[in-house]
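Order of the sequence lines sets the chain letters (A, B, ...), proteins ahead of strands, with each chain counted from 1.
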Protein chains: 4
Amino acid sequence: MPTSTTKREDIIQSALTLFAERGFDATTIPMIATDAKVGAGTIYRYFSNKEVLVNTMFQHYVSLFKETLEKDYPAESDIREQFHHLFQGMIRFTNEHDHALYFIKTHTSAYFLDANSRDQFSHLLMILENFFDEGKKEKQIRELPSKALIAIIFGGFLQLYQLIRAGELEASEELLAGVENSCWDAVRHP
Amino acid sequence: MPTSTTKREDIIQSALTLFAERGFDATTIPMIATDAKVGAGTIYRYFSNKEVLVNTMFQHYVSLFKETLEKDYPAESDIREQFHHLFQGMIRFTNEHDHALYFIKTHTSAYFLDANSRDQFSHLLMILENFFDEGKKEKQIRELPSKALIAIIFGGFLQLYQLIRAGELEASEELLAGVENSCWDAVRHP
Amino acid sequence: MPTSTTKREDIIQSALTLFAERGFDATTIPMIATDAKVGAGTIYRYFSNKEVLVNTMFQHYVSLFKETLEKDYPAESDIREQFHHLFQGMIRFTNEHDHALYFIKTHTSAYFLDANSRDQFSHLLMILENFFDEGKKEKQIRELPSKALIAIIFGGFLQLYQLIRAGELEASEELLAGVENSCWDAVRHP
Amino acid sequence: MPTSTTKREDIIQSALTLFAERGFDATTIPMIATDAKVGAGTIYRYFSNKEVLVNTMFQHYVSLFKETLEKDYPAESDIREQFHHLFQGMIRFTNEHDHALYFIKTHTSAYFLDANSRDQFSHLLMILENFFDEGKKEKQIRELPSKALIAIIFGGFLQLYQLIRAGELEASEELLAGVENSCWDAVRHP
DNA sequence: TATGAATGAGGGTTCATTCAT
DNA sequence: GATGAATGAACCCTCATTCAT
């Protein structure tokens, strides 16, 4: 494995943590360089500028998240099972990529995201939209625009995740199961 | 009506929009000045620096929001009615102060908030927490940490409102009523 | 006596103190206005800008100092007596116009002095130069360029005066008499 | 010879000249940068801010001056010889570091000097004070406060040097010897 | 005449980006 | 390829100056 790949990944790792903790604007290139143990100039070998770096990262993690949701999707199971799969996907992704979901959430509507990043993100939403559209057809899901339902679930979950990261809530099995039920009741046909 | 009051309000208006859209760090004083149609120096007649500006605004809007929630609170009605009051409060406040709730949410855990701002905000949370705590005692509300319930409602609602502002959803009576029901089902005792 | 004259003098008084204490560059127009109890704009009724203000003041006090030295000059007495008169003049001026001599000293070679101010100051030096030139003719004064002798006396006295203002030395009769003797020995023919 | 050392020295050189000619407050960082032919930001690689820059310089030159005075000090010779050494030290230091002594004098009681700078400066004064104190004990030096004697010598010498730099006087051996005698007569026991 | 709110040029400082090594 | 010294544009903020009242 060539060194360069490692450096590139070190940079992304450091940038992810810092962007999540401090935000894009409050994170400087020298900070990332120091944290990643590379020279500041080195970052520009891999990313032509700071915006390209965030966008690349954003797309990377959105794409990973999408994969996590799609992997082993129980297309044949009932809708509650599918919902469970999606919800567990959020949790699994969060556990595997510590700051990634928080980074995605806090940068989703940032001014510096390019068309590509926005596209990727709407692809992600589409997975969820398809799920809800299908569910409404089967009268299993509440009669609200799918976008609204996603907003409720996604917005709620990510807000909750912030509390967990801030240490105000502990991510116990019990809590997560309870939240899943709550979210399910929010979207399922009454 | 003295000019100064108008200028101060113009500055706050512009700052609110820009802070909500781009965040504190990405919003420059010249941006605010241009948007408010005042000289950059004028901002410093009203706020001794940028941090005082955000904190003043934060406290102002949190306070206004608290008032909106508390005004005419139906203490004697049943819990569903009270939930309705709170939910309508969010909607009313958002309609009256376009970016304010989003500004509050995205800056809630910012590094530049002073003790006063954090205090004000925890008072606000307490109102909501009390509501949920009371409801749980009466077995009307789901057995989840109140903070988690608040996160779900707020996160969902604000995510939804972004869609509305982006023009992807229309804020019809029907939609809002549907969302309120969805949120209620998310928090009410199953 | 019209009000305006009083205001003008208040401004000069305040400016003198502040310029002496903090220097020209560290003194702001609002500071002077506050100290003089006038509006900032009022200063511009009397002095078209900050540089005109210092230059006017500089010329004013240099001129006053010149008058003090020339008043009752004992043209007929012997040279030691004349030296005494000049030296006492410095002391008297310092007592009558508290910060004036310090202001003159610290601003003598300032970048913002105009030709007029420099002229006035060299007129002042000329009085002293004449004294030394005359003394050298009479073999009463050391054979050094008069400018050098002035530098020694003036430089020395003003440096001393700084110590007095800083509170490091007390301006007793005895000290002043001793310094006068020291200065006289520095310039008199050996 | 590494470039960085040169840049640092260029910055100090330019700052020294400008601080001496215009004073700290009237000297801007861009002025120094332009004069030193470096970018404005470069100054901050070497000095964390403008105040650190003056203080560093102040301490540097005070220290150098002290060394000049102490180097080869004729502790065993008579007091006139020692005075000669000190006086020649002033001349030598001034010739080697053009604006340094004037910079020291005009910034001695500035508001931005830190404890370290003040310390260094009082060490310098102590050397001179010791000389005068010793001389007074031996009845070789006039009975005046040592601080006053220092003020007279320094004030006079620097005022003179300004004339020399302004081209109004030529620094001939003869003149300097004459001035040394004049200063000696100012301080020696009558 | 007197005021002080308003302005914007310019100050100190930071940091994304470049480039010689 | 990797570095970090160097740069200068752009930030936050101050203050001399103007001008409506």
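- Of the two residues near DNA chain F, A/V38 and D/I43, the one whose nearest nucleotide lies more 5' is A/V38.
- With rounding to whole Å, D/D10 atom CG is found 11 Å from F/dT7 atom P.
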| query | How does each nucleotide of nucleotides 16-21 of chain F score, in 5' to 3' order, for protein heavy atoms under 4.0 Å: base (B), sugar-phosphate only (S), or none (-)? | reply | SBB---
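- For the pair C/R8 CZ and E/dA2 C1', the interatomic distance rounds to 17 Å; values are reported in whole Å.
- Without hydrogens or angle criteria, B/T27 side chain to B/R22 main chain gives no donor-acceptor distance under 3.5 Å.
- By the 30° and 60° cut-offs, the orientation of the rings of D/H107 relative to D/F112 is tilted.
- Dashed line: the shortest gap from a side-chain N or O of A/K37 to OP1 or OP2 of F/dA2 is not under 4.0 Å.
- Screening residues 97-122 of chain B for salt bridge (Lys or Arg N to Asp or Glu O under 4.0 Å), with sequence neighbours left out, gives B/D98-B/R165.
- At whole-Å resolution of the value, NZ in D/K7 and C1' in F/dG4 are 14 Å apart.
- Residues satisfying the side chain to side chain contact (heavy atoms under 4.5 Å, CB included) criterion with D/R45, sequence neighbours excluded, are absent altogether.
- Atom P of nucleotide F/dA6 and atom CZ of D/F47 are separated by 12 Å, given to the nearest angstrom.
- With 3.5 Å as the limit, one finds no donor-acceptor pair spanning the side chains of C/Y111 and D/E21.
- Spacing between atom CD1 of A/I11 and atom C1' of F/dA2 amounts to 11 Å, rounded to whole angstrom units.
- Following rounding to the nearest Å, D/L18 (CG) and E/dG12 (P) show an atom-to-atom distance of 12 Å.
- At least one cation-pi condition fails for D/K7 and D/Y46: the charged atom is not both under 6.0 angstrom from the six-membered ring centre and inside a 45 degree cone around its axis.
- In DNA chain F, stems built from 3 or more consecutive Watson-Crick or G-U wobble pairs, each with both distances under 3.5 Å, span E:2-21 with F:2-21.
- Under the side-chain hydrogen bond (donor to acceptor under 3.5 Å, both in side chains) criterion, B/D10 pairs with no residue at all, not counting sequence neighbours.
- Note on ring orientation: taking the six-membered ring where Trp is involved, the planes of B/Y61 and B/F103 are perpendicular (angle over 60°, cut-offs 30° and 60°).
- Residues meeting the side chain to side chain contact (heavy atoms under 4.5 Å, CB included) test with B/S63, sequence neighbours left out: B/E67, B/Q120.
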